[in-house]
There are 2 protein chains.
Amino acid sequence: MGTTSIKRIVLVEDDNIIREAFQTLISQSADFIVVNAYSNAEEAIKNLKEDVADIYLMDIELPGMNGIEAITKIKQLNPKIQLVVVSVYENDELVFKALCEGASGYLTKNAPTSKLIDSLKELENGGAPMSTSIARLVVSSFHKNKQSPLSPRELEVLELLASGKSYSSIADLLFVDKETIRSHIKNIYIKLEVHSKADAIEKAKKNKFI
Amino acid sequence: MGTTSIKRIVLVEDDNIIREAFQTLISQSADFIVVNAYSNAEEAIKNLKEDVADIYLMDIELPGMNGIEAITKIKQLNPKIQLVVVSVYENDELVFKALCEGASGYLTKNAPTSKLIDSLKELENGGAPMSTSIARLVVSSFHKNKQSPLSPRELEVLELLASGKSYSSIADLLFVDKETIRSHIKNIYIKLEVHSKADAIEKAKKNKFI
DNA sequence: TGAAATTACCCCATTCTGGGGGAGTGGAAT
DNA sequence: ATTCCACTCCCCCAGAATGGGGTAATTTCA
């Protein structure tokens, strides 16, 4: 490994017990130091410049500004900061929103607290610490549904359609006539029971056909 | 935990040394048994029914049928099978393709082999075992680019456009006039230096604006 | 053999799109 | 206070795109 320095951590967690437990736990590691701990996001953001932290351990359900908004704001103020969510919720929406906004990890509180230091180390090694169920959730989000009623060619056409392409350009890309694409799309609409591009794309994405 | 039974593993790996090393390693665990080991995907698929395995540990770079195609085929023949890729390549394309086709984990061979059993256990616990760099790759794929030249409203419009919606339906959804949407889109095209919907969507996705 | 997939063509009407121009309001920053 | 930007809405125009109707040849695979 290269040069390692003590990483500065900020905690944002409204539950006093948990916050103090984390602080105690992290203080036991020589690699990390808790430079500050807040019970709400607003204060954490106000002191962001002064704290010069490397990592924020963030709760999602917070009084006032919620964790997702906080992630957005913090990343915007300093993109170099690494954010790890620590939440009781495993709500799919929240997980993906947090990741989209820039979280580098997502831990659920039911995970053994002994893993916290390991997670921080994993983060420092260029990883993305996640609880077991979150990792599965994230990986599953990539999985395509193999039980699609659409033929391979129809899937191909629908994917191109979903990328905003016109019938003509899809035809060009697939080296067939524009009328052929029209036929495919008619059949796709029948199979998906829709009557428009937007509905077809929505249904196909919802069912993970594409 | 509920009832646990010994999980049946199949290896698909063309390198004899690695294949045998894995076999030896896994045999040392009481929780797993290697029911078969193949040097190519075709044979593994031919014996899929007889092997009745729970988990396949798959290489990606194989002679003949490659690992991605093999994943597709195996998942199609038996969706219950769990697949974990073990590869030297960390190629982004390959990782995402493997996950889209149904892989539940992705390990790089440079990861300590001692972690292999841990990864299998993680899989059995409902997780998605990934090497450090793969986890980061996967999580990073969600991250949006905050340095977008587009305004919040423009991003909103572009997202709806990218979902296949027409100007009119976007207007309805945002409770504004269709002409307003047209104005936004004109400005989006100017900012992104494009002249069509498809180009705008492509550029926005490539740059992770949406 | 028979069903499904892939390819291609015709007609029609409506909507959509992209480009040109202009303009008013409000907020935020200088 | 003024300027810049975001957001809103309006006009004109021509060509492209879309959705629905129908038909049909070839191939592929079970």
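A, B, ... follow the sequence lines: proteins, then strands. Residue 1 opens every chain.
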Calculate the interatomic distance between A:L150 atom CG and C:dA5 atom C1'; express it in whole Å.
12 Å

Between B:Y189 (OH) and C:dG18 (C1'), how many Å, whole number?
8 Å

Measuring to OP1 and OP2 of [N], would you say a side-chain N or O of [X] lies under 4.0 angstrom away?
{"X": "A:T180", "N": "C:dA8", "answer": "yes"}
{"X": "A:R153", "N": "C:dT7", "answer": "yes"}
{"X": "B:H184", "N": "D:dA6", "answer": "no"}
{"X": "A:K197", "N": "D:dG19", "answer": "no"}
{"X": "A:K191", "N": "C:dA5", "answer": "yes"}
{"X": "B:S168", "N": "C:dC16", "answer": "yes"}
{"X": "B:Y167", "N": "C:dG18", "answer": "yes"}
{"X": "B:S151", "N": "D:dC7", "answer": "yes"}

Which nucleotide, C:dC16, C:dT6, D:dG19, lies nearest any side-chain atom of A:N187?
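Side chain of A:N187 sits closest to C:dT6.
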
Tell me which nucleotide among D:dC7, D:dG19, D:dT18 gets nearest to the side chain of B:P152.
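From the listed options, D:dC7 comes nearest.
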
5' precedence on DNA chain D between B:V176 and B:R182 (nearest-nucleotide basis):
B:V176

Below 3.5 Å, can you tabulate the donor-acceptor pairs from side chains in residues 127-134 of chain B to any protein atom, sequence neighbours excluded?
from   : atom 1 : to     : atom 2 : distance (Å)
B:S131 : OG     : B:T108 : N      : 2.8
B:S131 : OG     : B:T108 : OG1    : 3.0
B:S133 : OG     : B:E90  : OE1    : 2.9
B:S133 : OG     : B:E90  : OE2    : 3.1

Would you kindly say whether A:N36 and A:D51 are connected by a side-chain donor-acceptor distance under 3.5 Å?
yes

Between protein and nucleic acid, restricted to nucleotides 21-24 of chain C and to nitrogen or oxygen atoms under 3.5 Å apart, what atom pairs and distances do you find?
from   : atom 1 : to     : atom 2 : distance (Å)
C:dG21 : O6     : B:K186 : NZ     : 3.4

How about NZ on A:K165, more than 12 heavy atoms from neighbouring residues, nucleotides or ligands closer than 6.0 Å, or not?
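Above 12, so yes.
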
